[in-house]
S.K.: 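Below are the structure tokens for one structure; questions will follow.
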Number of protein chains: 2
Amino acid sequence: MPRAGLDTAAVVAAGAAIADEVGIANLTMGLLAERVGVRTPSLYKHVAGQEDLVRRIAALALSEAGDAVGGAVQGYAGRDALAAAARAFRAFVLDHPGRYAATIGVEPSGPDDPVATAGGRLLDGFTAVLRGYAIKEPDVDHALRMLRSLCHGFATLQSANGFQWSAEVDESFEWLIAFTDRGLRAL
Amino acid sequence: MPRAGLDTAAVVAAGAAIADEVGIANLTMGLLAERVGVRTPSLYKHVAGQEDLVRRIAALALSEAGDAVGGAVQGYAGRDALAAAARAFRAFVLDHPGRYAATIGVEPSGPDDPVATAGGRLLDGFTAVLRGYAIKEPDVDHALRMLRSLCHGFATLQSANGFQWSAEVDESFEWLIAFTDRGLRAL
DNA sequence: GCTAAAAGCTAATGCTATTAGCCTTAGCTG
DNA sequence: CAGCTAAGGCTAATAGCATTAGCTTTTAGC
């Protein structure tokens with residue numbers, strides 16, 4: 001029996017891919033094993049169990065989202081940066097609904113938890129956006145939370161096909177960016 | 001064997017209560033059966049299965065959230081209405097995290113789906129808030145989606161203990177209400 | 001009181017995650 | 001180059017959970 005040459009990262013990446021295809025709720029160890037060409041119990045050599053797998057997928061998703069947002073912001077400031085960050089974040093969630101869904105309900109166990117550090121890096125991307133607005137220090141944290149809530153809420157609601165939101169969802173999203181931009185500049 | 005006098009509504013209510021206590025992911029048919037004083041298979045006389053149960057819990061949660069928001073708005077207008085609605089919604093999600101979590105990822109099958117009608121009623125509450133602002137028609141839908149995204153995002157992120165948000169979360173929420181109010185009045 | 005549907009129950013099935021224990025490969029060491 | 005060791009795989013077994021089948025008992029209407 002030739003060896004599969006697996007490692008934890010490969011298993012997690014495959015799990016994230018499956019989650020995007022069939023939804024995180026339908027990600028089963030058997031499906032994952034089949035995908036990576038191995039029998040189910042062998043997965044436990046790379047991952048401590050399903051819960052651990054989901055945590056790792058969540059950390060991966062947050063890390064990738066952080067890269068996407070951070071990269072999109074590069075070279076822009078103010079409204080352009082805000083729009084770039086928001087669009088990049090939403091695009092990521094819509095392109096990878098399963099792995100992003102893995103982040104919902106995962107609580108970081110401590111500051112050193114990969115989930116926490118990846119989440120922090122995602123926040124850094126949004127922080128960079130705020131730097132383009134002249135915001136007084138006490139407001140920065142609040143504005144950050146608002147940005148995160150807005151993007152998270154909109155993207156997950158749309159990804160779940162929430163509430164008959166028929167067509168012009170893109171239009172609503174752009175409207176939302178403009179609204180937020182005006183509000184931030186007014187601070 | 002005396003009969004338990006169950007019906008679908010009682011089973012769903014008990015399921016929602018368990019979801020709030022242990023999380024929707026840990027809501028098991030056995031746990032629910034024990035809670036309502038019946039053997040597991042008997043539940044299937046009232047509910048088609050676990051998926052159906054979760055859908056019904058989601059519909060209940062949306063309906064209750066709609067009642068909470070609608071009731072809170074009564075007698076207020078403008079900023080007061082906005083604050084009342086937002087606070088009522090957040091309080092509901094924090095008080096009933098499990099049943100609200102059931103709504104995530106549930107897609108209404110059609111316009112007659114109880115999930116859809118309950119979701120619609122929740123939207124009505126937010127619509128009432130917007131009526132207090134003089135918003136031009138083409139903006140109403142967008143503003144509605146923004147309000148929903150903001151509340152959903154903030155409440156679910158906090159409920160999941162998202163991102164080390166230490167203390168002043170309440171303060172951030174009030175800040176967010178003020179921010180939104182200013183933006184809406186500027187339309 | 002009689003009947004039929006509704007609401008329970010026990011028993012059985014099948015799927016999923018997980019653990020235990022064994023075997024083989026790959027890489028390093030003498 | 002022989003041999004040792006750890007890592008990565010496998011089969012077999014266990015346990016929990018959802019669900020179905022089929023039987024029994026209550027209850028409500030006639």
Side-chain angles (χ1 to χ4, degrees), chain A residues 1-60 98-99 101-102 104-107 109 115, chain B residues 1-60 98-99 101-102 104-107 109 115:
Chain A
M1 42 206 78
R3 208 161 277 203
L6 277 185
D7 64 356
T8 301
V11 169
V12 172
I18 296 177
D20 288 339
E21 293 165 22
V22 304
I24 188 74
N26 299 316
L27 170 58
T28 146
M29 298 300 268
L31 205 55
L32 176 55
E34 188 184 18
R35 176 72 62 100
V36 299
V38 110
R39 299 308 185 107
T40 305
S42 306
L43 294 175
Y44 291 79
K45 295 287 164 134
H46 303 290
V47 153
Q50 203 170 32
E51 194 181 312
D52 179 50
L53 172 67
V54 172
R55 283 187 77 81
R56 289 175 188 273
I57 291 175
L60 174 67
R99 73 188 65 189
I104 300 174
V106 178
E107 301 192 21
S109 58
V115 172
Chain B
M1 41 205 81
R3 206 161 276 205
L6 278 185
D7 64 357
T8 301
V11 169
V12 172
I18 295 176
D20 288 338
E21 292 165 22
V22 303
I24 187 75
N26 299 316
L27 169 59
T28 145
M29 297 301 268
L31 207 54
L32 176 55
E34 188 185 17
R35 176 71 64 100
V36 300
V38 111
R39 299 309 184 104
T40 305
S42 306
L43 294 175
Y44 291 78
K45 295 288 163 128
H46 303 290
V47 154
Q50 204 169 31
E51 193 181 314
D52 180 49
L53 172 67
V54 172
R55 284 187 77 80
R56 289 175 188 273
I57 291 175
L60 174 66
R99 73 187 67 188
I104 300 175
V106 178
E107 302 192 20
S109 58
V115 171

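Computation of the quantities below employed the complete heavy-atom set of this structure, encompassing side-chain atoms and omitting hydrogens, waters and symmetry-equivalent molecules. The structure displayed is predicted, hence computed values, not measured ones. Lettering follows sequence order; numbering is per chain, from 1.
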S.K.: Distance check, rounded to the nearest 0.5 Å: A:T28 atom OG1 versus A:R35 atom CZ?
M.R.: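 So the OG1 of A:T28 and the CZ of A:R35 are separated by 12.0 Å.
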S.K.: Tell me whether the side-chain N/O atoms of A:H46 come closer than 4.0 Å to OP1 or OP2 in D:dA7.
M.R.: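 The answer is no; no side-chain N or O of A:H46 sits under 4.0 Å from OP1 or OP2.
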S.K.: Return the value, rounded to whole Å, for the distance between atom CG of B:L32 and atom P of D:dT19.
M.R.: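 Distance, rounded to whole Å: 12 Å.
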S.K.: Return the minimal non-hydrogen interatomic distance between B:G30 and B:T40, and the atom names on each side.
M.R.: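 Nearest heavy atoms, B:G30 then B:T40: CA-OG1, 3.6 Å.
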S.K.: If I take atom CE in residue A:M29 and atom P in nucleotide C:dA17, what distance separates them, rounded to the nearest angstrom?
M.R.: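 After rounding, the reported distance stands at 7 Å.
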S.K.: Pull out every residue in residues 10-25 of chain A that has a heavy atom closer than 4.0 Å to any atom of DNA chain C, ordered by number, or say none.
M.R.: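 Output list: empty, so none.
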S.K.: Taking atom P of C:dT16 as reference, at what distance in whole Å does atom CG of A:N26 sit?
M.R.: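 Taking atom P of C:dT16 as the reference, CG of A:N26 is at 10 Å.
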S.K.: Check whether any side-chain heavy atom of A:L27 sits under 4.5 Å from a side-chain heavy atom of A:I57, and report yes or no.
M.R.: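 In contact.
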S.K.: Between CZ of A:R56 and CZ of A:R99, what distance do you get to the nearest 0.5 Å?
M.R.: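 Going from the CZ atom of A:R56 to the CZ atom of A:R99 covers 15.5 Å.
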S.K.: Contact between B:E51 and B:V54 at the side-chain level, heavy atoms closer than 4.5 Å - yes or no?
M.R.: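 When only atoms from C-beta onward are counted, B:V54 and B:E51 do not touch, as no gap falls below 4.5 Å.
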S.K.: I need the NZ-C1' distance between B:K45 and D:dT19, as an integer number of Å.
M.R.: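 Rounding to the nearest Å, NZ of B:K45 and C1' of D:dT19 are 13 Å apart.
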S.K.: Starting the side chain at C-beta, find the nucleotide from D:dC10, C:dC9, D:dA18 nearest to A:V38.
M.R.: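 Between D:dC10, C:dC9, D:dA18, the one nearest the side chain of A:V38 would be D:dC10.
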S.K.: Can you tell me if B:S42 touches the phosphate of C:dA7, counting only side-chain N or O atoms and a distance under 4.0 Å to OP1 or OP2?
M.R.: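 Result: no.
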S.K.: Using atom CG of B:D7 as one end and atom P of D:dT26 as the other, report the distance to the nearest whole Å.
M.R.: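 Interatomic distance, CG of B:D7 to P of D:dT26: 20 Å.
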S.K.: Please give, in whole Å, the distance from C:dC9 P to B:Y44 OH?
M.R.: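 Between P of C:dC9 and OH of B:Y44: 14 Å.
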S.K.: Rounded to whole Å, please give me the gap between CD in A:Q50 and C1' in C:dT18.
M.R.: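 Nearest whole value for this atom pair: 10 Å.
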S.K.: Does A:E21 have more than 12 heavy atoms from other residues, nucleotides or ligands lying within 6.0 Å of its CD?
M.R.: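 Yes, because the 6.0 Å sphere around CD of A:E21 holds more than 12 heavy atoms from other groups.
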S.K.: Atom CZ of A:R39 to atom C1' of C:dT18: distance rounded to whole Å?
M.R.: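 Going from CZ in A:R39 over to C1' in C:dT18 covers 17 Å.
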S.K.: It should be established whether A:T28 places a side-chain nitrogen or oxygen under 4.0 Å from OP1 or OP2 of nucleotide C:dT16.
M.R.: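 The answer is no; no side-chain N or O of A:T28 sits under 4.0 Å from OP1 or OP2.
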S.K.: Determine whether B:L32 and B:V47 make a side-chain contact, defined as any pair of heavy atoms from C-beta on separated by less than 4.5 Å.
M.R.: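 No. Closest side-chain heavy atoms not under 4.5 Å.
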